[in-house]
Visitor: 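Just passing along the structure, written as structure tokens.
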Amino acid sequence: MRILVAALSFICLIALPVSAQDSPIQQLLQENRTLIEQSSRRTIGPAIDALRDSGLPAAQAVLEKWQARELWQRKSDGLFFFAERTGDGYRLIDIATGADVGSATGGEIEQLKPNSGIRALIGVALVQFQLTDPDPARRMAALDAIARNAEAAHLAPLRASIATETDPALTSRKARLERLLTISYDDEPDARIAAIESFAGDLGVDARAALNPLVATTRAVTAGDPPATENVARRLAPGSDVLSEAAAHALLVEAGLVAPRISASDIRAALAAHVENGQVGGVPVAELDTDAARERAYAALAAAGLVPATATSAEVAEALSSHVFYERYAETDPRVTEAANAALDAIALKVGMNQAADLTLDALSLASIYFLAAIGLAITFGVMGVINMAHGEFIMMGAYTGYVVQQFVPDYTLSILIALPLAFAITFAAGVAMERLVIRWLYNRPLETLLATFGISIALQQLAKNIFGTQARPLTSPGWLDGSLVVNDIVSISYIRIAIFVLALIFLGLFLFIMRRTRLGLEVRAVTQNPRMAASMGINPDRINMLTFGLGSGIAGVAGVAIGLYAKVTSELGQDYIVQSFMTVVVGGVGNIWGTLLGATLIGFLQKGIEWFNPSNTLAAQTYMILFIILFIQFRPRGIIALRGRAAGD
Amino acid sequence: MRQSFIAKNPSVLIFLALLGLFTLAVTILGEGLGIGLISTSFVKTLGKTLCLCLVAIAMDLVWGYAGILSLGHFAFFGLGGYMIGMWLMYARTELIVVESLAQAEIPPTPDEIRDAIGTQIFGVVGGSDFPLVWAFAHSLPLQLALVVLVPGLLALVFGWLAFRSRVTGVYLSILTQAMTLALALYLFQNDSGLRGNNGLSGLQNIPGAGDVPQSLMSIRFFWASAAALAIGYVVAAFVVSGKFGSVIRGIRDDEARVRFLGYSVEGYKLFVFTLTAVIAGIAGALYYPQAGIINPAEIAPIASIYLAVWVAIGGRGRLYGAVIGAGFVSLLSTWFTGGQAPDLNVGFYTVKWVDWWQVLLGLSFVLVTLFAPKGIGGLFDLLTGRRGPDRHGADLGPGAGSFREKEAEQ
Amino acid sequence: MSTLLEVSGVSVTFDGFRAINNLSFEIGPAELRAIIGPNGAGKTTFMDIVTGKTRPDAGQVLWGERSISLLKLSESKIAREGVGRKFQRPTVFEDQSVFDNLLMALKKDRAPWRVLFYRETAADRTRVGELAEEIGLADQLQRKSGELSHGQKQWLEIGMLLAQEPRLLLVDEPAAGMTLAEREHTTELLKEAAKTRAVVVVEHDMEFVRRLECRVTVLHEGSVLAEGSLDFVTRNQQVIDVYLGR
């Protein structure tokens, strides 16, 4: 009878569509039922492993559902199902086929509730499936998850998945991740070293993150030589820069090798607590105003057993000289640490070179800002010999023009396109008015021009403050100028800075064109060289001076719009650039656009260079830059490109 | 010799007499010793103004006489203030610290006192150690010497570098401006050792004079400022009166000619530059104890430019012009920016002078440069032109005095 | 005859333009010499080199009995060594009186400290009086020199040069813009000065040069073309070509 039943059921298994409840995956779960029901992180391992290694197609789905707490168990027979809530009950779904296999009330089934530890274990197990998932996005997500939170267990499935990967981008990503995991988790030193070496000169932050723990050190102290089992990075001499005597002493105390020293304030407190009849340990209180007297008093107290003994200076010195201090790597294999150090050195070199490139870009953009700010000044100073202290205020006027235009024209691209010529027109007019009203009465009195234009400068600045208030006004750049051009993890430059650089180039070209190719330029050059002769040739020097001054001021206005795009627009905007602009002109040499260009480049690079040495401190950078310029003037009093000979005058 | 100097410069005697009268008047009207018509704070303002007059004299020497438009003399002024401020702050903090530590059961060691002072002074910039520049701060005589030495040496080194390479005119002006900007930026740093942008404060409390009321202290400082101004005026008049004055005015007018006469122009410029830096340092050392606080903003380039404005408005190339300019403009400035000036209603708009004073100052400065290059001092030429050379000094005096008297009553 | 100033093989270039080309020149301790030459011949540059204003690219400038090189000295040091220079345009200190101008030029210690405590003595006043007499400005001593006529300014400048007591006087176009009577006075001043010191006069005006009755050096394109009496050089064909040919 029993044989018959068994035979029948066997036939059923073979011949009939396999009953849902008896699918291999269900059987596997039933085999591990005790463990699953136990649901303990310490014992669940074999169950998860069995599922993972089963090779069954439904294994991944089951693991995922389990992890997501969507796996249910029927109380009556202990079978596992997926379940969906339907009204007041649940619809049961077969775990192997996904077929609907009836329903149950909430009381009949029980939800599996794996704790976080188990869910993490399931996650690791799932990695293998995810890495070979048909959907590339899911494979990518799995790689991201591993990169974020790598574990030793990831290494094997990752390796296994590379061979079957079809997407080239994912293949290389997997290979890189595999090498990173090899560094951290492989058991084979040679494999690790090979992986480490493959990252020499790699700029990725992940590479450094994998390598840095290998060379992390801790400090230790021993009486004799360090044990041979330890991977010693270097020995430290107490009292050197890297290991102060106090730190060495602290190490000794930590290792229990010497008694701690009582700090000066503790001694003081201890002494204060033991004053008796105006004396402490036989020393009168009034005499305790030197460290020597306090030490004597404390020693007396310690001898009497009233306070814990403190190590004397001699004891500490003795202990320091009789012990060996060293740094050891947490990684025990010296070959690995050596390779890691070498790889990190190579990376540091590469990073340094890329930082230099990034710095160069920064410096270039700073230089173009200075150039824009200074070019107008260079024109008026070079051509007319007029120092315009109000130049900075013209820059400010340009920036405020941009701000006002944006109040009326909401489209940022359009408003900038309107603001640029409008700023030029307004500051051109202001410059011409200033030349007509003030400056032309002061030709050949440069110091007085300087002071008069300064008067205009403070008046304009206060006027701006009265009109626009003291708070900064926004001048927003169009959307297509947001963001930056990223070359790699280190080198990047914002589009606004590129735009300013381009603007500077345009103005250089424009200036050269006006000076060399137009009638105005010819006349300006003639007036510069010999005003009287030019006048006798029918050139009106008055008109030329007016136009030149207007041109210089107009360019300041355009520079103002450009500067306003990335700096705050305040009434002090011009002030921030005026001294640098003067420096640019002075360093570059008067009367030569190339000089101004070189001056701006020099100052931009110098400032960035100094900031690089001391990145936290732009104030110091400016200080040292000005000192450098004062010294530079010693050697080239007339700037980089100086007119020589009789033409230079005196 | 002395006789002939005063005989040649009658304006010096008149100036001294007027300054004496003014000092006497303020003393009688002031709160400390007199009838209290002038408030202590205004006595301080007047005392500070006298210091500004002194630094204006220095500016006039270097610009009006030697033709060097320095836009950096407030750096020296500020350095003088910092030097005295270091002692004032150290000594006062020491008194407080010693007093508080004396309450403790165990008497403090010298190190503990020093650490406590350091924590008090530098806690605000997150430090407690004394930087090297404070090495002499415990000693009044040494710090007083530094009031003279630090501005003097800075001027000597900077001047030597600049004049040696024949930097002149606007180049030199810009270079001096750069110098003061560099110094201000340096001092703005917290690790400059001078408390960054907090500056030095509490300078009005003179150590060891805790029981002297501020009203009396303000009068004493007023006297000291007046005495310094008097001495400074006499020294400056002595420098510009004789052949030295001829030479430096010659340098102002035609540097090359002086050089071909065999005078080492650089040496003379350096002498004047350094001397005026020292005068400025002394003026600063008297100014800041009356102001009570000094911070790096005080030596920003703008301050030195205002100095040039005062001298230009007062009339450069004449010492009393500098005094008038500094006194007049700075007091007027205090009046306007202090909110005391009545608003001006022009119908559609009310002019608030706190906002519009700078505009007025800037524009009037342009007008003075354009139409009255001799400044207010030029007015006395008009007067003397009518009354003859004998009355030259007599006319200028009452003018200078009355400007200040008039301001003093407001 | 010994030599006071010896210039040898001096060249100087401004932006590719050779202003002075291998120039050599000598003058004795008490000699009057005129330098003539067309515009751009290098006359003013020559003076600039001797007085230290311009540093030559090559060559030597030796001075005095001890043959000191002037090339290493500053302008003021050269002036103190005894080289006086008068500029083309009269440059006196217009803001100061004639007396102060002359007093400033008097040969005295030039160090700032000494000048600061200097007070003029009776002897100094007498000396200034004598000089004023010599240049014909005795009754103008208290006037501001800016109020003087052009000719008077020229004389005042010559007076200042004489007050310096230089051993070599370099005078750039002293007669320019003078009336005939003023020229005669100037000629007398220069000839008188040349009795005790070397005087080099740079001049365009042949008539004025003829009155000086002295050796003449002709400069052309930065070097010496001819040297000798005025009659001698004016007969020189090259000189004629240079002056008339272009």
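Keep in mind it's a predicted model, so treat the numbers as computed, not measured. Chain letters run A, B, ... following the sequence lines, proteins first, then strands; residues in each count from 1.
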Visitor: Answer with side chain, backbone, both or neither: which region of Pro110(B) has an atom nearer than 4.5 Å to a non-hydrogen atom of chain A?
Guide: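 Backbone plus side chain of Pro110(B), per the 4.5 Å heavy-atom cut-off to chain A.
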Visitor: Specify which of Ile458(A), Val280(A), Thr453(A) makes the most heavy-atom pairs with chain B at under 4.5 Å.
Guide: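 With the most close heavy-atom pairs to chain B, the winner is Ile458(A).
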Visitor: So which atom in Ala452(A) and which in Val366(B) form the shortest heavy-atom distance, rounded to 0.1 Å?
Guide: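 Taking every non-hydrogen atom into account, O-CG2, 3.3 Å.
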Visitor: Step through the shown structure and confirm whether more than 12 heavy atoms of other residues, nucleotides or ligands are within 6.0 Å of NZ on Lys374(B).
Guide: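 Counting neighbours around NZ of Lys374(B), 12 or fewer heavy atoms of other residues, nucleotides or ligands fall under 6.0 Å, so no.
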Visitor: At what distance, to the nearest 0.5 angstrom, does CD1 of Ile106(B) lie from CZ of Arg294(A)?
Guide: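 The CD1 atom of Ile106(B) sits 6.5 Å away from the CZ atom of Arg294(A).
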Visitor: Supply the atom-to-atom distance Leu101(B) CG to Asp289(A) CG, rounded to the nearest 0.5 angstrom.
Guide: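 Reported value, rounded in 0.5 Å steps: 12.0 Å.
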Visitor: Name the option with the most non-hydrogen atom pairs under 4.5 Å to chain B; the candidates are Leu451(A), Leu271(A), Thr290(A).
Guide: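 Top option by heavy-atom pairs under 4.5 Å: Leu451(A).
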Visitor: For the atom pair CG (Leu627(A)) and CG (Leu183(B)), what is the distance rounded to the nearest 0.5 Å?
Guide: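 Rounded to the nearest 0.5 Å, the CG-CG separation comes out at 9.5 Å.
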Visitor: Do the rings of Phe454(A) and Phe365(B) sit parallel, tilted or perpendicular, given the 30° and 60° boundaries?
Guide: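 The arrangement is perpendicular - the two ring planes meet at more than 60°.
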Visitor: Please flag which part of Trp63(B) lies under 4.5 Å from any non-hydrogen atom of chain A: side chain, backbone, both or neither.
Guide: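 The side chain, not the backbone.
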Visitor: Do other residues, nucleotides or ligands put more than 12 heavy atoms under 6.0 Å from Tyr624(A) OH?
Guide: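 No, not enclosed.
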Visitor: Looking at every heavy atom in both Gly362(B) and Ala459(A), which two are closest together, and how far apart are they?
Guide: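 In terms of heavy atoms, the two residues are closest at CA-CB, 4.3 Å.
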Visitor: Leu442(A) versus chain B, heavy atoms under 4.5 Å apart: side chain, backbone, both or neither?
Guide: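 It is the side chain, since no backbone atom gets that close.
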Visitor: Heavy-atom distance under 4.5 Å to chain B: side chain of Leu463(A), backbone, both or neither?
Guide: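 For Leu463(A), heavy atoms of backbone and side chain both lie under 4.5 Å from chain B.
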Visitor: Quick one: closest heavy-atom pair of Ala178(B) and Met583(A), and the distance?
Guide: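 It is CB-CE, 3.0 Å.
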Visitor: For a quick test of reading the model, state the closest non-hydrogen atom pair linking Ile305(B) to Met389(A) and the distance between them.
Guide: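 Looking at all heavy atoms of both residues, the closest pair is CD1-CE, 3.8 Å.
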Visitor: What part of Met625(A) gets closer than 4.5 Å to chain B, counting heavy atoms only: side chain, backbone, both or neither?
Guide: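 Contact with chain B: none, neither part.
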Visitor: State, with a plain yes or no, whether a side-chain heavy atom of Gln177(B) is found less than 4.5 Å away from one of Phe582(A).
Guide: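 In contact.
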Visitor: Which heavy atom of Leu288(A) sits nearest a heavy atom of Thr109(B), and at what distance?
Guide: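 Heavy atoms only, the tightest pair is O-CG2, 4.4 Å.
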Visitor: Using heavy-atom distances under 4.5 Å, tell me whether Val170(B) contacts chain A through its side chain, its backbone, both, or neither.
Guide: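 Both parts, heavy atoms under 4.5 Å.
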Visitor: Given a strict heavy-atom distance threshold of 4.5 Å, which part of Gln189(B) is in contact with chain A: side chain, backbone, both, or neither?
Guide: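 When you check distances to chain A, atoms from both the backbone and side chain of Gln189(B) fall under 4.5 Å.
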Visitor: Looking only at heavy atoms, which two atoms of Ala182(B) and Thr623(A) are closest? And how far apart?
Guide: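 Nearest heavy atoms, Ala182(B) then Thr623(A): O-CG2, 3.4 Å.
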Visitor: Using non-hydrogen atoms only, which part of Glu112(B) is less than 4.5 Å away from chain A: side chain, backbone, both, or neither?
Guide: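 For Glu112(B), the side chain is the part near chain A, not the backbone.
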Visitor: Determine the option with the most heavy-atom pairs under 4.5 angstrom with chain A, choosing from Val167(B), Leu161(B), Val309(B).
Guide: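 Heavy-atom pair counts peak at Leu161(B).
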Visitor: Relative to chain B, which segment of Ile387(A) carries a heavy atom at a distance below 4.5 Å: side chain, backbone, both, or neither?
Guide: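 Ile387(A) touches chain B through side-chain heavy atoms alone.
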Visitor: What part of Ala286(A) lies closer than 4.5 angstrom to a heavy atom of chain B: side chain, backbone, both or neither?
Guide: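 For Ala286(A), backbone heavy atoms alone lie under 4.5 Å from chain B.
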Visitor: Using non-hydrogen atoms only, which part of Leu71(B) is less than 4.5 Å away from chain A: side chain, backbone, both, or neither?
Guide: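 When you check distances to chain A, only side chain atoms of Leu71(B) fall under 4.5 Å.
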Visitor: Can you confirm whether Glu276(A) is buried at CD, in the sense that more than 12 heavy atoms of other residues, nucleotides or ligands lie under 6.0 Å from that atom?
Guide: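 Atom CD in Glu276(A) is not packed in, count stays at 12 or less.
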Visitor: What part of Leu437(A) is in contact with chain B, defined as an atom under 4.5 angstrom from a non-hydrogen atom: side chain, backbone, both or neither?
Guide: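 Only the backbone of Leu437(A) comes within 4.5 Å of chain B.
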Visitor: Answer yes or no: is there a donor N or O on one side and an acceptor on the other, between the side chain of Gln462(A) and the main chain of Asp355(B), under 3.5 Å?
Guide: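 Looks like yes, one N/O pair under 3.5 Å.
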Visitor: Taking atom CD1 of Ile302(B) and atom OG of Ser457(A), what is their separation to the nearest 0.5 Å?
Guide: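 Going from the CD1 atom of Ile302(B) to the OG atom of Ser457(A) covers 6.5 Å.
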Visitor: Between Asn466(A) and chain B, which part of the residue has a heavy atom less than 4.5 Å away: side chain, backbone, both or neither?
Guide: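 When you check distances to chain B, only side chain atoms of Asn466(A) fall under 4.5 Å.
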Visitor: Among Tyr186(B), Tyr171(B), Phe158(B), which residue has the highest count of heavy-atom pairs closer than 4.5 Å to chain A?
Guide: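 Maximum pair count with chain A is reached by Tyr171(B).
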Visitor: If you count heavy-atom pairs within less than 4.5 Å of chain B, which of Asp291(A), Val285(A), Leu447(A) leads?
Guide: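 When all of Asp291(A), Val285(A), Leu447(A) are compared, Leu447(A) has the most.
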